[in-house]
Trainee: 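Pasting a structure here, questions to come.
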Number of protein chains: 2
Amino acid sequence: MYERKIPLTIDCGLHLTREILNGKWKPAILNAISMNIKRPSEIGRTLPDATRRVLSAQLKELEEHGIIEKKIYPQLPPKVEYSLSEIGWSLMPIIDAMNIWGDQNRDFLEKVIAKDPKITKMSKSPCELIRRETSDEK
Amino acid sequence: MYERKIPLTIDCGLHLTREILNGKWKPAILNAISMNIKRPSEIGRTLPDATRRVLSAQLKELEEHGIIEKKIYPQLPPKVEYSLSEIGWSLMPIIDAMNIWGDQNRDFLEKVIAKDPKITKMSKSPCELIRRETSDEK
DNA sequence: CAGAATCCACCAGGATACTG
DNA sequence: CAGTATCCTGGTGGATTCTG
């Protein structure tokens, strides 16, 4: 065994939340699930730039962290549906706020972020926010 | 020159916001600055686990992204003060929400996150949230 | 005190191929 | 369709040192 040299720090709530949301696609995944896009293949179609491998990994983490729940239908072909847990739903206002803030400041943000050499690809479609109409009655 | 193989994707507002907040200490830095902790050394003291190198880097990014502003006092020893920009302030409700959500669910989150082998260090102090009283008059 | 310059360990996440 | 196993690379962020 080897003692970790760089221990990760979790102190105030901010860090806990950061940890939960830490993962390139996690916010988007949660957003998708909240919109009733619950099957892995659907989520994959919604996030075409995410690999299935990474998607699976982040879904698993979210599940292990208790943010989403997984329902497996023992069929062929297999069918799986994810849904937000109680805690997961309580996270949605934050996701929504991020979504809205980003859209509201889109023009500015795209400008300043475009300078960043790390960002090379930008597609501009705002996320759908139809959830309110559809599945918010949870 | 070399064409990037793995372009970063930015599409809906969610991703823009994720990009801005992407950095281990960025939310905490913003939180600190919003509480009138504006000098680099102070911020460093507030976040003892962050290196000065990383702190500097993330401060610079936040500044380049227009989230914070930097004021340099040409003195010896040098003095620098950061402050939130207009846009930066508009981000604070999200930071606050993350802070509050994390604190509210602290017990649960610490339990599920503790299982994660990647996390080895956890300190439990909630962040101070006294800002409302002090510097919200911006 | 602020921060730039190095150096490097580690891992998130992308590509691919394979099972049930 | 869902998920796992391999393999690999770019980049984050930690440690350290040096300057003004």
Side-chain angles (χ1 to χ4, degrees), chain A residues 2-9 15 18-29 33 37-64 68 70-82 116-121, chain B residues 1-9 15 18-19 21-29 33 37-64 68 70-82 116-121:
Chain A
Y2 197 59
E3 199 186 330
R4 194 186 180 76
K5 296 187 196 115
I6 306 165
L8 303 190
T9 312
H15 290 289
R18 243 206 92 257
E19 194 55 37
I20 292 297
L21 257 22
N22 197 24
K24 184 167 179 180
W25 303 101
K26 281 190 192 168
I29 289 173
I33 296 181
I37 301 172
K38 25 182 65 176
R39 300 191 55 185
S41 51
E42 292 174 329
I43 300 176
R45 244 169 281 132
T46 308
L47 306 171
D49 292 323
T51 322
R52 271 180 305 146
R53 186 189 136 347
V54 175
L55 235 41
S56 290
Q58 309 213 341
L59 280 166
K60 186 186 281 186
E61 274 190 29
L62 287 170
E63 191 203 350
E64 286 169 351
I68 61 177
K70 181 181 192 172
K71 174 152 193 187
I72 303 179
Y73 297 82
Q75 309 178 342
L76 228 62
K79 177 177 172 182
V80 169
E81 281 187 356
Y82 289 97
D116 196 322
K118 285 179 299 184
I119 313 294
T120 58
K121 181 183 175 186
Chain B
M1 263 311 161
Y2 197 59
E3 200 187 328
R4 196 188 179 73
K5 297 189 196 112
I6 306 165
L8 302 191
T9 311
H15 290 287
R18 243 206 91 257
E19 195 55 35
L21 257 22
N22 197 24
K24 184 166 179 179
W25 302 100
K26 281 189 191 168
I29 289 173
I33 296 180
I37 302 171
K38 25 182 65 178
R39 300 190 56 185
S41 49
E42 291 174 329
I43 300 177
R45 244 169 282 129
T46 309
L47 306 172
D49 293 323
T51 322
R52 270 181 306 147
R53 189 192 124 0
V54 175
L55 235 41
S56 291
Q58 310 214 339
L59 280 165
K60 184 186 283 183
E61 274 190 30
L62 286 169
E63 191 202 352
E64 287 169 351
I68 61 176
K70 180 180 193 170
K71 174 151 193 186
I72 304 179
Y73 299 82
Q75 310 180 341
L76 229 61
K79 176 176 171 182
V80 170
E81 280 186 356
Y82 290 97
D116 197 321
K118 287 179 298 186
I119 314 293
T120 59
K121 182 184 176 187

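Throughout, a chain's letter reflects where its sequence line sits, starting with A, and its residues are numbered from 1.
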Trainee: Measure the spacing between CZ of B:R18 and NZ of A:K24 and express it to the nearest 0.5 Å.
Mentor: 7.5 Å
Trainee: Among D:dG14, D:dA2, C:dA2, which nucleotide sits nearest the side chain of B:K24?
Mentor: D:dG14
Trainee: Without decimals, in angstroms, what is the distance between B:E64 CD and C:dG3 P?
Mentor: 13 Å
Trainee: Measure the distance from CD1 on A:I29 to C1' on D:dA2 and round it to the nearest whole Å.
Mentor: 14 Å
Trainee: For the side chain of B:V80, starting at C-beta, report the closest nucleotide among C:dG3, D:dG14, D:dG3.
Mentor: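 In terms of side-chain proximity for B:V80, the closest of C:dG3, D:dG14, D:dG3 is C:dG3.
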Trainee: Send over the distance from A:K26 NZ to C:dG13 C1', rounded to a whole Å.
Mentor: 12 Å
Trainee: Which is more 5' along DNA chain C, the nucleotide nearest A:L76 or the one nearest A:R52? Just name the residue.
Mentor: A:R52
Trainee: In terms of side-chain geometry, is the basic nitrogen of A:E81 or A:K70 positioned less than 4.0 Å from the acidic oxygen of its partner?
Mentor: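 Answer for the salt bridge query: no.
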Trainee: More 5' along DNA chain C: A:P78 or B:R45, using each one's nearest nucleotide?
Mentor: B:R45
Trainee: Rounded to the nearest Å, what distance is computed from the CG atom of residue A:L59 to the C1' atom of nucleotide D:dG3?
Mentor: 11 Å
Trainee: Under the 6.0 Å and 45° cation-pi test, does A:K38 pair with A:Y82?
Mentor: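 Cation-pi check for A:K38 and A:Y82: fails.
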Trainee: Tell me: CD1 of A:I72 to C1' of D:dT4, nearest whole Å?
Mentor: 14 Å
Trainee: Has the side chain of A:R53 got a donor or acceptor that lies under 3.5 Å from a partner of the other kind on the base of D:dT6?
Mentor: yes
Trainee: Send over the distance from A:Q75 CD to D:dC1 P, rounded to a whole Å.
Mentor: 13 Å
Trainee: Once you apply a heavy-atom cut-off of 4.0 Å, does B:R39 come out as touching a base, just sugar-phosphate, or nothing?
Mentor: sugar-phosphate
Trainee: D:dG13, OP1 or OP2 - any side-chain N/O from B:Q58 closer than 4.0 Å?
Mentor: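 Indeed, a polar side-chain atom of B:Q58 lies that close.
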Trainee: Test A:V80 against A:R39 for side chain to side chain contact (heavy atoms under 4.5 Å, CB included), laying out the working first.
Mentor: CA-CA 6 Å; A:V80 169; A:R39 300 191 55 185; over 6 Å; no
Trainee: Base, sugar-phosphate alone, or nothing: which one does A:Y82 contact when heavy atoms must sit under 4.0 Å apart?
Mentor: sugar-phosphate
Trainee: Please give, in whole Å, the distance from D:dG13 P to A:N22 CG?
Mentor: 9 Å
Trainee: Roughly, in whole Å, what's the span from CD in A:E63 to P in D:dT4?
Mentor: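 In whole Å, D:dT4 P and A:E63 CD are 10 Å from each other.
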Trainee: Using a 4.0 Å heavy-atom cut-off, does A:K70 contact any base of the nucleic acid, only the sugar-phosphate backbone, or nothing at all?
Mentor: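 A:K70: backbone/sugar contact only, no base atoms under 4.0 Å.
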Trainee: Nearest to the side chain of A:T51, which nucleotide is it out of C:dA15, C:dA2, C:dC7?
Mentor: C:dA15
Trainee: Would you say A:S56 places a side-chain N or O within less than 4.0 Å of OP1 or OP2 belonging to D:dA2?
Mentor: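 Negative; the distance criterion is not met.
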Trainee: Working to the nearest 0.5 angstrom, can you tell me the gap between B:W25 CH2 and B:L55 CG?
Mentor: 8.5 Å
